[in-house]
Amino acid sequence: MATKLITVPRAEAEIRRLQQYITLVEEYQADTLEKWIIKEYAYTNSITEVVKRANAKGLALDQTYAKSVLKGKASDELHRMLRSGYLARLKPKKERLY
């Protein structure tokens with residue numbers, strides 16, 4: 001695997017960006033089911049895994065609801081970031097169908 005070269009200033013900027021994201025997720029107050037879904041998705045990047053984790057905790061959650069939360073109107077910065085990433089992931093799949 002070839003390593004893509006990067007400048008030190010770009011690497012430092014990327015480290016800052018990633019650290020801000022980590023802090024945002026770690027400090028996120030998951031005080032509702034919807035926010036819990038958002039936070040778990042930030043850790044897993046998988047609706048299936050979020051549903052598995054919910055069921056393991058005794059929460060009744062299905063994929064349809066978890067997807068609707070993620071695709072719903074963004075209520076905060078983390079939700080906005082994850083929603084746009086999730087929707088971007090879905091887009092190529094839809095285009096391949098035609």
Side-chain angles (χ1 to χ4, degrees):
M1 179 203 294
T3 303
K4 186 177 178 187
L5 295 177
I6 186 171
T7 64
V8 170
R10 272 185 69 196
E12 289 170 341
E14 183 69 3
I15 289 168
R16 280 192 300 276
R17 185 183 74 83
L18 293 171
Q19 190 57 58
Q20 287 172 342
Y21 179 72
I22 291 167
T23 301
L24 179 64
V25 173
E26 288 178 342
E27 293 179 354
Y28 193 73
Q29 296 299 311
D31 51 8
T32 65
L33 178 59
E34 291 78 11
K35 288 184 173 187
W36 184 88
I37 292 168
I38 291 163
K39 186 169 186 169
E40 289 300 312
Y41 187 79
Y43 278 102
T44 64
N45 209 12
S46 166
I47 294 288
T48 302
E49 188 59 32
V50 170
V51 171
K52 282 182 189 173
R53 288 179 176 201
N55 292 330
K57 287 183 70 132
L59 302 171
L61 183 65
D62 64 20
Q63 283 199 342
T64 304
Y65 183 72
K67 286 178 186 178
S68 73
V69 168
L70 209 52
K71 290 199 256 185
K73 187 175 186 313
S75 55
D76 52 54
E77 184 182 357
L78 182 59
H79 189 182
R80 196 169 15 268
M81 292 169 71
L82 295 175
R83 180 180 185 273
S84 67
Y86 180 72
L87 295 176
R89 270 175 71 183
L90 293 181
K91 209 171 207 176
K93 291 180 183 175
K94 288 181 180 176
E95 289 171 1
R96 273 188 252 136
L97 294 174
Y98 299 106

> Is there side-chain contact between Glu26 and Tyr43, with at least one heavy-atom pair below 4.5 Å?
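Of all side-chain heavy-atom pairs linking Tyr43 with Glu26, at least one is under 4.5 Å.
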
> Mind running side chain to side chain contact (heavy atoms under 4.5 Å, CB included) on Glu12 and Thr7 for me, showing each step along the way?
CA-CA 9 Å; Glu12 289 170 341; Thr7 64; over 6 Å; no

> For Glu49, give me all partners under side-chain hydrogen bond (donor to acceptor under 3.5 Å, both in side chains), at least two apart in sequence or on another chain.
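None.
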
> With rounding to the nearest 0.5 angstrom, report the CD1 to OG distance, Ile37 to Ser68.
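OG of Ser68 is found 7.5 Å from CD1 of Ile37.
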
> Distance check, rounded to the nearest 0.5 Å: Leu70 atom CG versus His79 atom NE2?
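Between Leu70 CG and His79 NE2, I get 5.5 Å after rounding to 0.5 Å.
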
> Would Gln29 and Trp36 count as a side chain to side chain contact (heavy atoms under 4.5 Å, CB included) if you check the C-alpha gap in whole Å, the side-chain angles of each, and the deciding distance to 0.1 Å?
CA-CA 8 Å; Gln29 296 299 311; Trp36 184 88; over 6 Å; no

> Between the main-chain N or O of Arg83 and the side-chain N or O of Lys71, is there a donor-acceptor pair closer than 3.5 Å?
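No; judged by distance alone, with no hydrogens or angles, the pair does not exist.
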
> Applying side chain to side chain contact (heavy atoms under 4.5 Å, CB included) to Tyr65 and Val51, what does each step give before you reach the verdict?
CA-CA 9 Å; Tyr65 183 72; Val51 171; over 6 Å; no

> Is the shortest side-chain heavy-atom distance between Tyr86 and Ile47 below 4.5 Å?
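In short, these two side chains touch, coming nearer than 4.5 Å.
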
> Grouping I, L, V, M, F, W and Y whenever their side-chain heavy atoms are under 4.5 Å apart, do Ile6 and Tyr21 come out in a common cluster?
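No, no single cluster joins them.
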
> Going only through I, L, V, M, F, W and Y residues with side-chain contacts under 4.5 Å, is there a path from Leu82 to Ile22?
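They do not share one cluster, since no chain of ILVMFWY contacts under 4.5 Å joins Leu82 to Ile22.
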
> Kindly determine whether Val50 and Leu61 satisfy side chain to side chain contact (heavy atoms under 4.5 Å, CB included), including the steps that lead there.
CA-CA 9 Å; Val50 170; Leu61 183 65; 4.2 Å; yes

> Sequence neighbours left out, what passes side chain to side chain contact (heavy atoms under 4.5 Å, CB included) with Thr32? Give chain and number order.
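With neighbours one apart ignored, the set is Glu34, Lys35.
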
> Once rounded to the nearest 0.5 Å, what's the spacing between atom NZ of Lys39 and atom CG of Asp31?
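Here the rounded value is 10.0 Å.
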
> Can a side-chain donor-acceptor contact be found between Tyr28 and Asp76 if the only test is distance below 3.5 angstrom?
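Yes, Tyr28 and Asp76 have a side-chain donor paired with an acceptor closer than 3.5 Å.
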
> One thing to verify: whether Arg80 and Glu77 come together as a salt bridge, which I'm taking to mean a side-chain N less than 4.0 angstrom from a carboxylate O.
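Between Arg80 and Glu77 there is no salt bridge, as every charged N stays at least 4.0 Å from the carboxylate O atoms.
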
> As a test of understanding, state which of Gln20, Glu14, Gln19 forms a side-chain hydrogen bond (donor to acceptor under 3.5 Å, both in side chains) with Arg17.
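Of Gln20, Glu14, Gln19, side-chain hydrogen bond (donor to acceptor under 3.5 Å, both in side chains) with Arg17 is met by Glu14 alone.
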
